[in-house]
Undergrad: 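Sharing a structure, written as structure tokens. Questions coming.
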Protein chains: 2
Amino acid sequence: MKTKAISELEKIFKILGNKQRLTILELLRSRSYSVSEIVDILNMEQSAVSHQLRVLREAQLVQAEKRGREVLYYLSDSHILILLDNALKHVDHVFNLGDE
Amino acid sequence: MKTKAISELEKIFKILGNKQRLTILELLRSRSYSVSEIVDILNMEQSAVSHQLRVLREAQLVQAEKRGREVLYYLSDSHILILLDNALKHVDHVFNLGDE
DNA sequence: TTTTTACATGAAATACTTTTCATATATTAT
DNA sequence: ATAATATATGAAAAGTATTTCATGTAAAAA
């Protein structure tokens, strides 16, 4: 059986199976955000956000760039994001969510 | 923001982010399996398998049918499986896994 | 150069998931 | 009827993920 494929899928789905991380990815689709902007939007502690950003960084889903004393995060062009995109379209379609 | 879509995605990805559940789904693609068959293949305790099957049942990814004293599990035709299928193709392609 | 702001990080605390253990129910075999 | 087999389930135990807390570092401001 395709155990390698299954392990990869597990990793990917684990990372995506979290509201805050999904929201961060969704945000970054339009532009880059600084950590404090994300903190404000997600209403989480700065530290928790940094920890989540690290998960996304280590999975190569996002990249960070230092700008003065801020750090800007932006999407890497990862294959996983294509997958997420498909999933989103799928969910939008199935639940008839339109552009809420 | 699309909080409903994100919540749905979180749910779906959480369910798929587990090796045993992925393996079960992958197995059931070809035919239905009884619980004890799955127990043998996954090398898990019967009870653990039943618990995982419940998760899949509750998410409507699989269905159960009693056959004598066995219970056969088979895939429902859920939209989530289409998503999983895309993901698998994606991973196969990206990692060049062929038919291992 | 001292203070403030923005972010990161390790460790402890908390919350959540998965497995195990004990036991219950239904079906078939004796 | 009794025993054996297949599965399910609740509760405790074990494992994993996430958040919080305390603190560190680098850049900008005072």
Side-chain angles (χ1 to χ4, degrees), chain A residues 3 6-28 31-76 80, chain B residues 6-28 31-75 80:
Chain A
T3 64
I6 285 179
S7 291
E8 286 304 324
L9 282 182
E10 187 192 31
K11 270 193 234 165
I12 292 170
F13 287 139
K14 274 225 167 90
I15 290 165
L16 297 180
N18 174 289
K19 222 182 243 204
Q20 349 293 317
R21 285 193 293 265
L22 284 173
T23 307
I24 292 171
L25 293 175
E26 189 56 23
L27 276 175
L28 298 187
R31 61 173 177 89
S32 56
Y33 280 76
S34 69
V35 178
S36 45
E37 282 181 300
I38 298 173
V39 167
D40 291 347
I41 293 170
L42 295 194
N43 227 334
M44 290 168 75
E45 284 213 354
Q46 176 267 314
S47 173
V49 169
S50 281
H51 282 301
Q52 292 299 189
L53 285 169
R54 171 148 66 154
V55 173
L56 294 173
R57 245 190 293 123
E58 284 176 351
Q60 323 240 60
L61 293 180
V62 304
Q63 276 172 277
E65 190 180 306
K66 193 149 192 177
R67 276 299 204 130
R69 56 182 159 182
E70 304 196 326
V71 176
L72 295 184
Y73 277 84
Y74 56 95
L75 292 184
S76 325
I80 301 180
Chain B
I6 285 180
S7 291
E8 286 304 324
L9 281 181
E10 186 192 32
K11 269 193 234 163
I12 292 170
F13 288 138
K14 275 227 167 89
I15 290 166
L16 296 179
N18 174 289
K19 221 180 241 200
Q20 349 293 320
R21 286 193 293 264
L22 284 172
T23 307
I24 293 172
L25 292 175
E26 188 56 23
L27 276 175
L28 298 188
R31 61 172 176 87
S32 56
Y33 281 77
S34 68
V35 177
S36 44
E37 281 180 302
I38 298 173
V39 166
D40 292 347
I41 294 169
L42 295 195
N43 228 335
M44 291 169 73
E45 284 213 354
Q46 175 268 314
S47 173
V49 170
S50 282
H51 282 300
Q52 292 298 190
L53 286 168
R54 172 148 64 154
V55 173
L56 294 173
R57 244 190 293 123
E58 285 175 350
Q60 324 242 59
L61 293 181
V62 304
Q63 277 172 275
E65 189 179 306
K66 192 149 194 179
R67 275 298 207 129
R69 55 182 159 182
E70 303 195 328
V71 175
L72 295 183
Y73 278 83
Y74 55 96
L75 291 185
I80 300 180

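Residue numbering restarts at 1 for every chain, and letters A, B, ... go by the order of the sequence lines.
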Undergrad: To the side chain of B:Val35, which of D:dT18, D:dT7, C:dT27 is closest?
TA: D:dT7
Undergrad: Of B:Leu72 and A:Val49, whose closest DNA chain D nucleotide lies nearer the 5' terminus?
TA: B:Leu72
Undergrad: Measuring from the side chain of B:Glu45 (C-beta onward, heavy atoms only), which nucleotide among C:dT20, D:dT20, D:dT19 has the closest atom?
TA: C:dT20
Undergrad: Could you tell me how far apart B:Glu37 (CD) and D:dA6 (P) are, to the nearest whole angstrom?
TA: 11 Å
Undergrad: Separation of B:Lys11 atom NZ from C:dT17 atom P, in whole Å?
TA: 13 Å
Undergrad: Just checking B:Glu70: base, sugar-phosphate only, or nothing, at a heavy-atom cut-off of under 4.0 Å?
TA: sugar-phosphate
Undergrad: Grab the CG-P distance between B:Leu56 and D:dA8 for me, whole Å please.
TA: 12 Å
Undergrad: Tell me which nucleotide among C:dC7, D:dT19, C:dA6 gets nearest to the side chain of A:Arg69.
TA: C:dA6
Undergrad: Could you give the distance from CD (A:Gln20) to CD1 (B:Ile6), rounded to the nearest 0.5 Å?
TA: 10.0 Å
Undergrad: Looking for any heavy atom pair under 4.0 Å, which part of the strands does B:Ser36 touch: base, sugar-phosphate only, or nothing?
TA: sugar-phosphate
Undergrad: Going by modelled atom types, is there a donor-acceptor pair between the base of D:dT7 and the side chain of B:His51 at under 3.5 Å?
TA: no
Undergrad: Is a donor-acceptor pair below 3.5 Å formed from side chain A:Ser34 to base C:dC7, judging by atom type as modelled?
TA: no
Undergrad: Rounded to the nearest 0.5 Å, what separation is found between the OG1 atom of A:Thr23 and the CG atom of A:Asn18?
TA: 8.0 Å
Undergrad: Quick one: is A:Asn18 getting a side-chain N or O under 4.0 Å of the D:dT18 phosphate, OP1 or OP2?
TA: yes
Undergrad: Whole angstrom is fine here: how far is it from CG in B:Leu22 over to C1' in C:dT17?
TA: 15 Å
Undergrad: To the nearest Å, how far apart are B:Arg67 CZ and D:dT5 C1'?
TA: 18 Å
Undergrad: So, taking the atom named NZ in A:Lys66 and the one named CG in A:Leu72, what distance separates them when rounded to the nearest 0.5 Å?
TA: 11.5 Å
Undergrad: If you find the nucleotide of DNA chain C closest to B:Gln46 and the one closest to A:Ala48, which residue's nucleotide is nearer the 5' end?
TA: A:Ala48
Undergrad: Below the 4.0 Å mark, does D:dG10 have OP1 or OP2 next to a side-chain nitrogen or oxygen of B:Arg54?
TA: yes
Undergrad: In this structure, which one of B:Ile15, B:Leu25, B:Leu61 forms a side chain to side chain contact (heavy atoms under 4.5 Å, CB included) with B:Ile80?
TA: B:Leu61
Undergrad: Out of the candidates B:Glu37, B:Glu65, B:Arg57, B:Gln63, only one should pair with B:Tyr73 under the side-chain hydrogen bond (donor to acceptor under 3.5 Å, both in side chains) rule; please name it.
TA: B:Arg57
Undergrad: Between C:dT17, C:dT19, D:dT19, which nucleotide gets closest to the side-chain atoms of A:Met44?
TA: D:dT19
Undergrad: Within the 4.0 Å heavy-atom criterion, would you say B:Arg21 contacts the bases, only the backbone, or no part of the nucleic acid?
TA: sugar-phosphate
Undergrad: May I have the distance from B:Ile38 (atom CD1) to D:dT7 (atom P), rounded to whole angstrom?
TA: 9 Å
Undergrad: Would you say B:Tyr73 reaches D:dA8's phosphate, i.e. side-chain N/O to OP1/OP2 under 4.0 Å?
TA: yes
